[in-house]
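Note that this is a predicted model, so its numbers are computed, not measured.
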Amino acid sequence: MIENLLLVLFASAAVMGAVLMLVLRHPMRVALALIATMISLGGVYGLLGVHVIAVFQIMIYVGAVMVFMVYAIMLLDVRDPSFTDRYSALLWPGLAACTVLAGVLVGSAWQGAGPVAGATGGLFGVQPFSAVFLGRYWLYFELTSVLLVVAVLAAVAVVQIRGRRRAGPAADAEPALPAGAAAGQEGVRHG
Amino acid sequence: MDKTQFLLWVSLLLFSIGLLGLIVRRNLLVMLMCMELMLNGVNLSLVTFAQRGGSVEGAVMVFLIFIVAAAEIAIAIPIVLLLVQHRRTLDAGAYTDLKG
Amino acid sequence: MSSATSQLLGLIVLLPLVGFLFNGVLATRLGGQRLNETVVNFVACALPALSFVLTVVCFMQLEGGGQPLLEATYTWATIGGQSFGIGFYFDRLSAVMTLVVTGVGTLIHVYSTGYMHGDESHPRYFAYLNLFLFFMLLLVLGRSLLVMFVGWEGVGLASYLLIGFWFDDPVKAAAGKKAFVTNRIGDAGFLLGMFLLWGAFGTLDMTAINAGFMGSTPPAVSASLVGILLFVGACGKSAQIPLHVWLPDAMAGPTPVSALIHAATMVTAGIYLVARMSGVYMHAPEASQLIAAVGVATAFFAATIAVVQYDIKKVLAYSTVSQLGLMFVALGVGAYAVAIFHVVTHAFFKACLFLGSGSVIHALGGEQDIRKMGGLARRIPITFVTFAIATAAIAGIPPLAGFFSKDEILWFAYASEHGGATWLWALASIASLLTSFYMFRLLWLTFFGASRMDKEVEHHVHESPLSMTGVLMVLALLSAVGGFIPVAHYLEPMLPLPPVPEALHHHERTLIALAVVFAFTGLAGAWYFFSGTAARAAGVRTRLAGVHRWLTNKYYIDELYEEALGRPLGWLSKRVFLQLGDRTMFDGTLHLLAATARRGAVAFAAMQTGSLHRYALYVVVGVLAAVLWSLRHG
């Protein structure tokens, strides 16, 4: 009973955060709304009993991705037209299209065959999860490490090319580069 | 209405709102964050079904999505930074080089 | 009719073709001009001479065996059960024609070696001349109308090539084109006639068709209709009204060409066609009447124009048209063999006249206007004597060749039971009178009297080389004695002379006497008007100025054709077919397709604005469509 209530609460919070994302003007506030959504989702995962995912949701998404995003927002505090005029020209067509889409998707979504009583706490704990992940799906684990290395290299390379081309005084560009590379490294450490 | 269906609707809603935000918002960084929102919506649906069906594979999938999202953001933000160095604006309307 | 096989007929036809290929490829610029003039001359003359020898051999064979020779070479095509073969047929009629073609042809080839000496396109000329001979032999030796038609078209082609031989001059090139187009109009009639015959008989073999008409059951097609259609073809080829316009213009070609093609051989193809299809015409009285009427009208009409011409070759050209008209008169009254007799004698004296005029032109370095000649009799004696003999022959002075053949024609025009009439005879006789008159006028103005030549030209007057004068002498001899060759009698077994009513038999002597009187009247008249300073002729000219203008302008027929046919066709071609049909419809359709593609592309390109938001919207729309589609289709 209380579980269901909490579930509805967290879910509603997630949706509200999403809506706030669309409405707020300052990018920083949008980021905070997104963080709120993510934390709520973490809560939902926890309530569902998928603990390992809940934890990693917070750690990776909120802790790394959103932190990096916040850094970027702080760095690029540009007061340009997108600040004052936050909606694009396609506000109403987009609104209409996505409403229809949401309606169609929700209306045709899977009509469930009733609740399934499942003791899932044990299944999604860290130990059984790891055993499966690093046991049966070890290849994909390795591949993800490769992916992350490549991502780091790519970020460095993208930034270095710009650095090499700009031989002379590069004004306010330079300080941005190390911060970006550092943020990338942060993401790696948490992943 | 049971838990699964409810959560499914929530995930579809989150996905739609993320897509809407992509169309509607101008700021490049906000558009990136909307893409993250879409990923989150998808994650939610995956977790819902994994929990319902008792399969760990779903959770493994979600985990992999986490990692991919992190790698993606690691590249996306430097790209945005470089774009902004070039054009000095975060307005997506200013980047119309794909025209024609 | 049974026949013997021969191997030589195909060879007769092919030898000139070999000459064409040999000279045409190796001696012209095509093959690198590897041969010198002597070799070209030798090859070009030897092959027709060889053909002539073989023809004589075949003629002996024909006489010995008494049966026509037949040679079937190969099957050209088999279409749906019907096969079309190439075959050659040598009976008395073909024998006469082939002997004339190869004999006179060889002589003219020899003459050309002298006349065309030094011309820069010398090899091309001989190649074309041999090509002409090949097609002409196909025409006269062909067994079926199909082979004959191939030869028919081919001589038209060779004629075009040779008339427009010096094609750098646009006037000469236009003359060649005029000849070809006019011939083509006649060919349409020929083809229609062939189609009708094919439809009725299922074969184009000429003996079979003649037999079909002569047989007891009337054939499915009207003989008159076929006769008229074939006659249209003959009109085109033999320059009768209204398709006569090309022959005078054809004088633009080299003079030996005029002699060979437009006097002796090609223009007689029409006569040969009608004579060959005599079986049809004997059962087509309306067609025969038409032929006689057109023939006599042409004879008279052309003779009147010839009286005022002052280009030596144009006089001879109109004379040819007139003589051909007389031949058609003979055909029209059923005297087919007589027409062929006149073909033979005409070949002799007309070729001699043309070649003689060529000799005069050669002597004067290119001058063709008789008002600028005179007093040449002593300067170029051989040419003069041969020309005079040929002139007397054409005028009908006995006992030269023309007298015999023309007299027979006039007799049958008067007396034949198949259409002979007094008015035909009268008109033909007047035409003969005029012929005598203008031919002697030509003789007088060219050779007698005081010299009216330019000083420079007069200084260089010289007799032609032996290659030219030798041929002239041979032809003059033939013109003199050719009348004694019993051609009509020889052809009688296959081309019987028309019956003559008993009552009129005693008029024969009278008519002969009248013909001789007319011939000498013409001679006297020419002497009267044109001897001395030709002052009397000038007087008549001023008094009858209107008539003179009409005749000089050839009755304005060319202008009439241009106005009535040329301009409307030109308008049709330009406005309807070019602008409406080609540009608007065809090009327009293509442009429309291209423009549609381009505008469609532009419309689609408008979708790509470069705005990321818009692209994202497209994604949403696409996803929506996919979801809805998958929902509908399970």
Between chain A and each of [options], count heavy-atom pairs under 4.5 Å; write down the option with the most.
options                    : answer
B:E72, B:E36, B:R25        : B:R25
B:V30, B:I23, B:L39, B:I77 : B:I77
B:V24, B:N27, B:D91        : B:V24
B:L19, B:L37, B:V10        : B:L37
B:V80, B:L13, B:L64        : B:L64

How about A:F141 and A:F133: are their ring centroids closer than 6.0 Å?
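Here the rings of A:F133 and A:F141 have centres that are less than 6.0 Å from each other.
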
Would a 4.5 Å heavy-atom cut-off, applied to side chains only, mark [X] and [Y] as touching?
X     : Y      : answer
B:L90 : B:M31  : no
A:Y71 : A:L75  : no
B:Q51 : B:T4   : no
B:N43 : A:Y45  : yes
B:I75 : B:I79  : yes
B:K3  : B:F6   : no
A:H51 : A:F129 : no
B:L32 : B:L28  : no

What part of [X] gets within 4.5 angstrom of chain B, counting heavy atoms only: side chain, backbone, both, or neither?
X      : value
A:A33  : neither
A:Y140 : both
A:L91  : both
A:Y137 : side chain
A:V100 : neither
A:L22  : both
A:V44  : side chain

Is any side-chain N of the basic residue among A:R25 and A:D85 closer than 4.0 Å to the acidic one's carboxylate O?
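Salt bridge: no.
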
How about CD on A:E3, more than 12 heavy atoms from neighbouring residues, nucleotides or ligands closer than 6.0 Å, or not?
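Atom CD in A:E3 is not crowded, with 12 or fewer foreign heavy atoms closer than 6.0 Å.
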
Need one label for [X]: side chain, backbone, both or neither, based on atoms under 4.5 Å from any heavy atom in chain A.
X     : value
B:L12 : side chain
B:L7  : side chain
B:L20 : both
B:L14 : side chain
B:V84 : side chain
B:S55 : backbone

Pick whichever of A:L147, A:L76, A:V150 has the most heavy-atom pairs under 4.5 Å with chain B.
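The residue among A:L147, A:L76, A:V150 with the greatest pair count is A:L76.
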
Look at A:V52, A:L95, A:L143, A:L101 and state which one has the largest set of heavy-atom pairs under 4.5 Å with chain B.
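Of the candidates given, the most pairs with chain B belong to A:L95.
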
Could you tell me the separation between the CZ atom of B:F49 and the CD atom of B:E57, rounded to the nearest 0.5 Å?
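That separation rounds to 15.5 Å.
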
